[in-house]
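Side chains are part of it too, since the values below use all heavy atoms of this structure and drop only hydrogens, waters and symmetry mates. Only a predicted model underlies this, so the values are computations on that prediction, with no experimental measurement involved. Naming convention: chains lettered A, B, ... in sequence-line order (proteins, then strands); numbering from 1 in each chain.
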Number of protein chains: 2
Amino acid sequence: MPTIKDVARLAGVSTATVSRVLNGEKVKEENRMRVEEAVKQLNYSTNTLARALKTNKTMTVGVIVPDLSNVFFTTIAKGIEKALHPYGYSIMVCDSDESVEGEREKIAFLKDKFVDGIIIIPAGDQQPGLKRLQDDGIPIVLVDRLIEDIQADAVLVDNTNGAYDAVEHLIVNGHRRIGLISGPRHIFVGKERLIGYERAYTDYQLSIDPEIVKYGDLHIESGYKLMNELLDLPSPPTAIFAANYYMSIGAIMAANERHINIPEELSFIGFDDIELTKVIKPPLTVVVQPMDKMGQAAAELIYKRMTGDDSGPFPAILRLKTQLIKRESVKKVNYPCL
Amino acid sequence: MPTIKDVARLAGVSTATVSRVLNGEKVKEENRMRVEEAVKQLNYSTNTLARALKTNKTMTVGVIVPDLSNVFFTTIAKGIEKALHPYGYSIMVCDSDESVEGEREKIAFLKDKFVDGIIIIPAGDQQPGLKRLQDDGIPIVLVDRLIEDIQADAVLVDNTNGAYDAVEHLIVNGHRRIGLISGPRHIFVGKERLIGYERAYTDYQLSIDPEIVKYGDLHIESGYKLMNELLDLPSPPTAIFAANYYMSIGAIMAANERHINIPEELSFIGFDDIELTKVIKPPLTVVVQPMDKMGQAAAELIYKRMTGDDSGPFPAILRLKTQLIKRESVKKVNYPCL
DNA sequence: TTGTAAGCGTTATCAT
DNA sequence: ATGATAACGCTTACAA
């Protein structure tokens with residue numbers, strides 16, 4: 001591999017001049033030409049390791065996701081990569097294996113690699129490793145959920161109003177008994193979406209039957225199981241809202257299996273618009289999170305910090321809106337009480 | 001951040017000695033202790049950049065997948081990571097965006113980062129960038145499919161026999177009219193699985209009706225569409241074999257939508273055992289690829305090459321077996337001709 | 001066994 | 001505007 005010295009020699013200038021050309025500084029036109037020529041001729045490219053050693057910049061940002069085989073997370077990662085690329089930054093994607101410990105490991109790993117910043121979709125609601133990262137002056141952006149005791153920029157989704165919109169839509173369509181397939185009670189997004197559900201009920205002066213509020217673990221199996229539980233109730237809901245993609249899929253599977261006709265016999269609103277929701281019948285009414293935008297926003301935020309732009313408030317907490325896409329899984333019903 | 005010099009000073013030895021301790025070379029016991037003590041006290045950790053600059057080893061391998069939001073690929077990536085971790089290697093996952101050009105970019109990127117090896121799930125069947133990589137002496141391992149004009153170690157799946165087993169199982173259960181939802185004709189795995197189908201027909205002295213062999217693009221929508229086409233035929237198949245995970249899902253969706261009872265009215269064999277196949281009813285009989293093992297095998301192979309072990313043949317082509325998992329989506333039928 | 005010092009490929013300071 | 005050179009933090013002959 002040719003080095004900057006080879007280029008300098010061939011171009012008949014010093015390495016300093018070559019470096020200047022390479023970094024777009026002002027150089028006599030003639031010299032610039034000769035250097036560029038030499039670069040091409042030798043097929044030279046900068047040794048990023050040496051540059052990083054000198055500049056303390058790797059032009060790389062680390063991205064930690066809880067599970068590499070979860071489309072929701074990887075889609076966000078793709079969004080980050082797409083947004084960072086134009087700035088010349090690349091990403092290193094890591095899997096924390098849904099554990100705080102795994103997360104700690106990956107943080108250490110990325111620090112070892114001298115990434116210029118870390119975007120993390122937290123696996124739990126604490127992470128001691130992050131504070132140390134901040135002490136080292138490495139910018140951090142949280143995505144999807146907050147972390148206790150940590151002040152950091154974050155890109156969140158307005159989960160509460162997202163859930164609210166769904167439940168409200170159901171209520172407006174005459175439903176009074178709306179089953180909720182929720183995430184874990186102690187988890188950030190689970191909590192927020194639950195609040196949206198409750199708030200809608202409150203605003204319409206309806207009371208909640210705790211029996212039709214179920215808590216799952218965000219995985220398919222869990223949606224499947226809870227849907228069955230709801231349907232087995234002596235007085236089952238007339239509508240279901242599943243507050244996460246995988247649980248939506250599981251729930252739909254359960255309904256299909258029981259030959260329940262949606263929306264004729266049961267109205268349904270799901271979460272997110274990935275893969276499956278494209279083919280499920282009937283076309284599902286869903287609350288969608290702007291995954292691309294989440295990735296993009298996180299990228300912009302960290303870019304700002306990495307380039308030393310400390311304008312604006314710290315921490316900057318972005319709340320992106322969800323969108324309720326109305327399709328064909330909700331039926332209008334008439335309740336005697338209306 | 002403390003450097004090796006700080007450690008040397010504190011321990012009262014030279015940097016060379018510190019380096020030796022750090023790299024597990026032989027050092028007087030007392031010195032070792034003092035160095036270790038100093039390391040702990042300063043919370044020192046090696047600057048991997050500096051080390052890599054010197055040694056030309058980053059202890060990182062690049063992994064390029066066609067699509068980060070495809071579970072099949074990311075599961076393999078997870079397998080690679082798990083297997084490489086014990087050796088002290090980490091991975092850098094990249095998304096080629098299912099294009100040869102994107103792949104070329106990522107290869108250049110990884111070369112820039114001086115990864116010690118590259119494991120790639122090719123997006124197409126050529127990639128000029130790889131030959132250059134080999135010329136630079138960077139080990140390459142291909143996963144899932146081969147690349148034209150390139151001699152490289154590879155981990156493949158025995159697609160042909162996998163498909164064969166599925167079709168044979170259907171035949172043995174009395175089916176004579178087996179619809180195939182296949183991948184693109186020009187794509188490696190598509191081709192191989194098609195051959196398996198044909199071979200089974202040949203071996204049982206049956207003839208193939210080209211009308212019930214459909215070619216899709218491996219995505220859900222495609223499975224959905226082709227299933228509908230097959231079912232719309234004047235004389236539809238009595239069984240279907242879908243030769244890829246996403247197309248299997250799409251196909252099942254289509255069947256569900258038409259309220260076709262599997263296996264009573266239609267037998268079905270799908271591909272791979274991820275996410276959905278866990279909840280679909282009835283439990284699906286599937287051909288499963290050993291994704292974990294694929295990742296692991298690729299990791300072992302590249303590790304061997306990275307550590308200069310050139311024993312064994314080159315290129316080493318591993319063919320992993322699939323497994324036919326029999327569940328409840330195939331019904332025995334009786335054909336008059338039997 | 002240990003220390004000295006050169007060198008990995010850059011960038012950046014300081015003269016010129 | 002350019003060049004010489006020290007420095008980034010480490011490894012590794014070579015010498016002691």
Inspect the contact between A:Glu300 and A:Lys304 and indicate whether a charged nitrogen and a carboxylate oxygen are less than 4.0 angstrom apart.
no
Yes or no on salt bridge (Lys or Arg N to Asp or Glu O under 4.0 Å) for A:Asp135 and A:Arg132, after CA distance, side-chain angles and deciding distance?
CA-CA 5 Å; A:Asp135 294 341; A:Arg132 260 170 284 143; over 6 Å; no
Annotated protein contacts, base or backbone, on nucleotides 7-16 of chain C with a non-hydrogen cut-off under 4.0 Å, one of B, S, - each:
BBBBBBB---
Residue set satisfying salt bridge (charged side-chain N to carboxylate O under 4.0 Å, His left out) with A:Arg51, at least two apart, ordered chain then number -> none
Residues two or more places apart in sequence or in another chain: which of them pass salt bridge (charged side-chain N to carboxylate O under 4.0 Å, His left out) with B:Lys321?
B:Asp158
In residues 105-113 of chain A, which residues come under 4.0 Å of DNA chain C by heavy atom?
none
For the CD1 atom of B:Ile120 and the OG atom of B:Ser96, what is their distance to the nearest 0.5 Å?
6.5 Å
Residues from residues 31-40 of chain A sitting under 4.0 Å of DNA chain C, heavy atoms only?
none
Taking atom NZ as the centre, does A:Lys82 end up with more than 12 heavy-atom neighbours from other residues, nucleotides or ligands that are less than 6.0 angstrom away?
no
Looking at CD of A:Gln296 and CD1 of A:Ile76, how far apart are the two atoms once the value is rounded to the nearest 0.5 Å?
13.0 Å
What is the 5' to 3' range of DNA chain D, first to last nucleotide, that sits under 4.0 Å from any heavy atom of chain A?
D:dA1 to D:dG9
So B:Asp125 and B:Ile147, do their side chains get closer than 4.5 Å, heavy atoms only?
no
A:Gln127 and side-chain hydrogen bond (donor to acceptor under 3.5 Å, both in side chains): which single residue from A:Glu103, A:Arg104, A:Glu148 fits?
A:Glu103
What I want to find out is whether A:Lys78 reaches B:Asp67 closely enough, with some N-O distance under 4.0 Å, to be called a salt bridge.
yes
Between the CE atom in A:Met294 and the OG1 atom in A:Thr75, the distance rounded to the nearest 0.5 Å is 10.5 Å
In plain terms, say whether B:Arg32 and B:Glu36 are close enough for a salt bridge, that is, a side-chain N and a carboxylate O under 4.0 Å apart.
yes
